[in-house]
2 protein chains.
Amino acid sequence: MARKTGSHSEITGPRIRAEASRLFARHGFAAVSMRQIAAAVGVQAGALYLYTPDKEALLFDLLKTHMDELLAAWAGVPRGPGALAALESFVRFHIRHNLPRAEAVFLSYMELRNLSEGNFAVIEALRRAYETELETILRAGQAEGVFALPDTKLAAMAIIAMLTGVNTWYREGGRLSREGIETIYWDMVRKAVGA
Amino acid sequence: MARKTGSHSEITGPRIRAEASRLFARHGFAAVSMRQIAAAVGVQAGALYLYTPDKEALLFDLLKTHMDELLAAWAGVPRGPGALAALESFVRFHIRHNLPRAEAVFLSYMELRNLSEGNFAVIEALRRAYETELETILRAGQAEGVFALPDTKLAAMAIIAMLTGVNTWYREGGRLSREGIETIYWDMVRKAVGA
DNA sequence: AGGCTATCTGAACGCGCGTTCAATATCAAA
DNA sequence: TTTGATATTGAACGCGCGTTCAGATAGCCT
């Protein structure tokens, strides 16, 4: 036995990442073995090393991809004129983008500590870039006089924490639709910034 | 060599919990070995088993103690009359209580998945009890007509996520005092609930 | 049909894991 | 000073870990 029938790197590669993401999110990076990931894919442990140099690189790849997608998606979001419209765009985008990506969101701030120093710095920088997107909107709103915030940096952190928190309780098929959740959160954020 | 000079269970027990808390928070439960904890305490691994039946029980003890303390401390907080004053008490209490307990707060919602089913249910119930404390205040405020919330359950989750988020960026000796942070967050929460 | 390359197996490496336990040194009380 | 209770060591248990690699099969191009 060696190569399996129907095997292709374009199939196995993504499946490894998908199963790793699922297992890391469920049990934690350190608690999941390469053999478990391999078994979930239906392959022997050694085969994983055709797709990743080591276990940490597998995690890093998941986090990096997630952050890149997040920033790219936000860059492509149309936003109305003015800080208030921009803030609404941000709030709705954050919820809409992250809700269907619960695993990756979870990993991206729970498993950072399992990265080596260099890899950690890369993800941290991307995260900070995203936070800065929001803070820029808040600052613009202060300048426009539509927001009344004692501290834009804290407000940015507070809003992101609040929005990301949705992932901790949201379950598919619950009593509220995604659209409804977006609107409720936007209502609270709008009032919180004093607009 | 056997018993060490100056050894006492009243000393070693708390030290084991303290070092375990520190290491679990820093590296994650699964990534920390009993030998690492023992080394941090200055003892051999076998000695830990005089203080805990197994590794999971050590984690459970930390989480349970943290939640019990949280609920007991909140129960002892004096609150002014009316929902608005109660909400301010809650917001300030949450920040004040949790800021100096960053490790335990972190553990209490990052390492829940490492508990067995029964232990998980215990912690989950305590957490829910705490959330209900806040939601009760919000509901009272709705009844009094001082709050204008589309959904008290979501608002409770949003507020707690926002407040707990402080722990992710707060560092001792930063540019803001604890009192200042309390006030800034209370300002945002007060506006968000529409009061 | 033949040969090259891509893909995977299965065994092996040394190592550290959680946990147990007999042996032993210290402490506290009598 | 003896004695029993308390606190700890250090070795051992079987096991699974991340990773490597020679060998073998499947797919693809000519």
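Just so it is clear, the structure is predicted and the values come from calculations on it, not from any experiment. The figures here come from the full heavy-atom set of this structure, side chains too, leaving out hydrogens, waters and symmetry mates. Residue numbers begin at 1 in each chain, while the letters A, B, ... track the order of the sequences.
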Do B:I123 and A:W169 land in one hydrophobic cluster if side-chain heavy atoms of ILVMFWY residues count as linked below 4.5 Å?
yes

Apply the test ring-ring contact (aromatic ring centres under 6.0 Å, His included) to residues A:F106 and A:H66: give CA-CA distance (whole Å), side-chain angles for both, the deciding distance (0.1 Å), then the verdict.
CA-CA 11 Å; A:F106 198 67; A:H66 173 66; over 10 Å; no

With the side chain of B:S33 defined as its heavy atoms from C-beta on, choose the nearest nucleotide among C:dT7, C:dG18, D:dT9.
C:dG18

Any A:T5 side-chain N or O less than 4.0 Å from OP1/OP2 of D:dT25
no

In terms of relative ring orientation, are B:W74 and B:F90 parallel, tilted or perpendicular, with 30° and 60° separating the classes?
perpendicular

Would you say A:S21's side chain and A:R17's backbone share a donor-acceptor pair under 3.5 angstrom?
no

Nearest-angstrom distance from the residue atom CZ of B:R15 to P of D:dA7:
16 Å

Is the distance from OP1 or OP2 of C:dC8 to the nearest side-chain N or O of A:Y51 less than 4.0 Å?
yes

Judged by nearest nucleotide, the residue sitting upstream toward the 5' end of DNA chain C, A:T12 or B:A31, is A:T12

Between B:Y49 (OH) and D:dA12 (P), how many Å, whole number?
19 Å

Using modelled atom types and a 3.5 Å cut-off, is there a donor and acceptor pairing between side-chain atoms of A:K191 and backbone atoms of B:A148?
yes

Within residues 34-41 of chain A, residues whose heavy atoms come under 4.0 Å of DNA chain D
A:M34, A:R35, A:Q36

Candidates B:L63, B:N114, B:L112 - the one meeting side chain to side chain contact (heavy atoms under 4.5 Å, CB included) with B:L107
B:L63

Distance in angstrom units between B:I11 CD1 and C:dT26 P, rounded:
16 Å

Return no unless some side-chain N or O of A:S9 is found under 4.0 Å from OP1 or OP2 of C:dA6.
no

In numerical order, the residues of residues 52-62 of chain A whose heavy atoms come under 4.0 Å of DNA chain D are A:D54, A:K55

Could you tell me whether a side-chain N or O of A:R79 sits under 3.5 Å from a main-chain N or O of A:V77, the two making a donor and an acceptor?
yes

Cation-pi between A:K55 and A:F29: NZ/CZ under 6.0 Å from ring centre and within 45° of the ring axis?
yes

Expressed in angstrom and rounded to an integer, what is the separation of A:Q44 atom CD from D:dG23 atom P?
19 Å

If you take atom types as modelled and just measure distance, does the side chain of B:R3 reach the base of C:dT26 with a donor-acceptor pair under 3.5 Å?
yes

Within this structure, what is the CD1-to-C1' distance between A:I16 and C:dC8, rounded to whole angstrom?
11 Å

If only atom types and distance count, is the side chain of B:T168 paired as donor or acceptor with the main-chain N or O of B:G165 below 3.5 Å?
yes

Report yes if a side-chain nitrogen or oxygen of A:K4 is closer than 4.0 Å to either non-bridging phosphate oxygen (OP1 or OP2) of D:dA26; otherwise report no.
no

